[in-house]
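Quick caveat: nothing in here was measured; it's all calculated off a predicted structure.
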Amino acid sequence: MIKLSSVLRRMPPFGLVLALALYAGTSARAAALLSLWPTVPFIRGQDLCQFQDAYGKSRSEQALEMTRRLKDVLAYGAQANEALDSLLAMDALIDKNRKLAATGFGMDMTLEASLKAALDGLYREINPKERKLVFINPAPLLELLRDLRTQQRQGNLDLKQLAKISGFAWGTYAYGPGCRGDVLVSMHVELANGASHSFQAQGRPESVMSMVAAQIFQQFQRTQFPSVVSIHQKSLTLLGAPGSPIGMAPTPALAESACKASRARLPLADEYEFLSALGDWNGGVSLDHKLWALADGHVLAPDLRNPSPVRHPEDVNSNDIYFYCVR
């Protein structure tokens, strides 16, 4: 196992990283943009593959398995001592190969690079108007180049650089149970305001961070309520539903009453359409294929546009009516 002290020598001290997160609270940067420290420390955890090998079966089951394997070798004509030596040699070879695969540094770098590449790939594919999460490099490019040439990770900061950072990310990884080459990755994003967000996925090292990146993208890029957008040269505030971002009600009247209780109202049909055009990643809410509550007992049915998507609830025969409130 890689020692924690060895890992920390290749990354900024945690005390320094915590300091930068606290210092970032005084930054004047927009709260909507999260600028994370560019290095993502990954600490190796328990080898779940070896743990399952050792404790996945009872002692009697392991003894029976070894006996069965020994009988198989004897059936091929080997002598008893030769059969036992062969089994021990194969087990030793498996252990040797596993140790070689896990020796030295490299998995942490692979996971960090894969995370950033997968996250940037999502931003290129979805292409939101404003990007809400970045890994910022506060140091001069010449200093970054020196670090790369000496195979070092970024770690020199001053107070001016700290002001550009609003948090940091770190994670753990463990070789997955089943011994199929999977890794179990847990990611944590610590923000200057004290908030902490965690994500987890299991898969092949070359693809597991794509799943983690998708979770991170959804958490930080998705519309956060309240969301203020400009429509018809006016500001419209999306408040969400009472108790949740998107609510459900059996009738439009109950949805309308819930919004009125919050001193708000249901969106108009054209407001629903406009906010859907913005989408979930730009401050709006996608209509998808759902029914949305309108005032005066009507619903908006985006899949029924002929002659109009504004319908009576009886026309669509569904009790699942979604809504959120605006002001």
Side-chain angles (χ1 to χ4, degrees), residues 4 7-44 105 107-141 143-145 147-148 152-173 185-201 208-224 280-283:
L4 177 58
V7 177
L8 293 178
R9 282 198 295 268
R10 303 186 50 177
M11 63 183 68
F14 272 112
L16 182 58
V17 181
L18 286 172
L20 69 86
L22 295 174
Y23 187 88
T26 63
S27 173
R29 292 175 62 84
L33 178 64
L34 297 178
S35 302
L36 301 182
W37 169 246
T39 300
V40 183
F42 276 96
I43 302 171
R44 181 178 169 184
F105 297 98
M107 183 63 76
D108 56 342
M109 297 290 292
T110 297
L111 296 177
E112 176 186 329
S114 298
L115 171 67
K116 293 179 179 179
L119 197 56
D120 280 344
L122 284 172
Y123 273 106
R124 287 193 301 269
E125 178 182 355
I126 297 176
N127 195 27
K129 186 176 181 179
E130 295 182 358
R131 179 166 178 163
K132 297 182 179 179
L133 178 67
V134 296
F135 288 94
I136 188 172
N137 175 38
L141 291 180
E143 183 177 324
L144 172 61
L145 181 60
D147 289 340
L148 293 175
Q152 297 295 318
R153 306 185 75 173
Q154 297 157 297
N156 296 323
L157 287 173
D158 57 34
L159 291 180
K160 291 182 180 179
Q161 294 170 344
L162 293 179
K164 302 177 183 179
I165 306 297
S166 54
F168 75 99
W170 68 282
T172 64
Y173 71 94
V185 177
S186 298
M187 276 282 303
H188 313 279
V189 179
E190 312 286 348
L191 302 180
N193 60 8
S196 177
H197 303 273
S198 297
F199 314 91
Q200 190 175 73
V208 66
M209 298 314 294
S210 297
M211 294 180 276
V212 175
Q215 297 176 42
I216 293 175
F217 182 89
Q218 185 176 25
Q219 173 66 38
F220 294 107
Q221 191 64 39
R222 182 179 290 276
T223 297
Q224 301 292 323
D280 297 316
W281 317 116
N282 291 293

Check: Can you name the nearest heavy-atom pair linking Trp37 to Phe135, along with the distance?
Finding: O-CD2, 3.5 Å

Notebook entry, point to check: Residues two or more places apart in sequence or in another chain: which of them pass side chain to side chain donor-acceptor pair (under 3.5 Å) with Gln200?
Noted result: Ser186

Next item on the list: Identify, with sequence neighbours excluded, every residue that meets side chain to side chain donor-acceptor pair (under 3.5 Å) alongside Asn282.
Entry: none

Next item on the list: Go through the steps for Leu36 and Leu191 under the test side-chain contact (heavy atoms from CB on, under 4.5 Å), then give the verdict.
Entry: CA-CA 9 Å; Leu36 301 182; Leu191 302 180; 4.3 Å; yes

Checklist line | Side chains of Met211 and Val185 in contact at under 4.5 Å (non-hydrogen atoms) | finding: no

Determine yes or no for a side-chain-to-main-chain donor-acceptor pair under 3.5 angstrom, with [X] supplying the side chain and [Y] the backbone.
X	Y	result
Thr172	Ile43	no
Lys129	Gly283	no
Gln221	Ile216	no
Ser35	Ser166	no

With rounding to the nearest 0.5 Å, note down the distance linking [atom1] in [X] to [atom2] in [Y].
X	Y	atom1	atom2	answer
Trp170	His188	CH2	NE2	4.0 Å
Arg44	Asp108	CZ	CG	11.0 Å
Phe217	Arg131	CZ	CZ	9.0 Å
Lys132	Arg222	NZ	CZ	10.5 Å

Go through the structure and list residues passing side chain to side chain contact (heavy atoms under 4.5 Å, CB included) with [X], not counting sequence neighbours.
X	result
Thr110	Ser114
Ala118	Ser210, Ala213
Gln224	none

Notebook entry, point to check: Passes side-chain contact (heavy atoms from CB on, under 4.5 Å), Gln219 versus Leu133? Steps please.
Noted result: CA-CA 10 Å; Gln219 173 66 38; Leu133 178 67; over 6 Å; no

Item checked: Met109/Phe42 under side-chain contact (heavy atoms from CB on, under 4.5 Å): CA gap, chis, key distance, verdict -> CA-CA 8 Å; Met109 297 290 292; Phe42 276 96; over 6 Å; no

Next item on the list: Among Leu34, Leu119, Leu33, find the residue that satisfies the side-chain contact (heavy atoms from CB on, under 4.5 Å) test when tested with Phe220.
Entry: Leu34

Checklist line | Criterion side-chain contact (heavy atoms from CB on, under 4.5 Å) on Val208 and Tyr173, from CA distance to verdict | finding: CA-CA 11 Å; Val208 66; Tyr173 71 94; over 6 Å; no

Next item on the list: Kindly write out the residues that satisfy ring-ring contact (aromatic ring centres under 6.0 Å, His included) with Phe199, not counting sequence neighbours, or none if the list is empty.
Entry: none

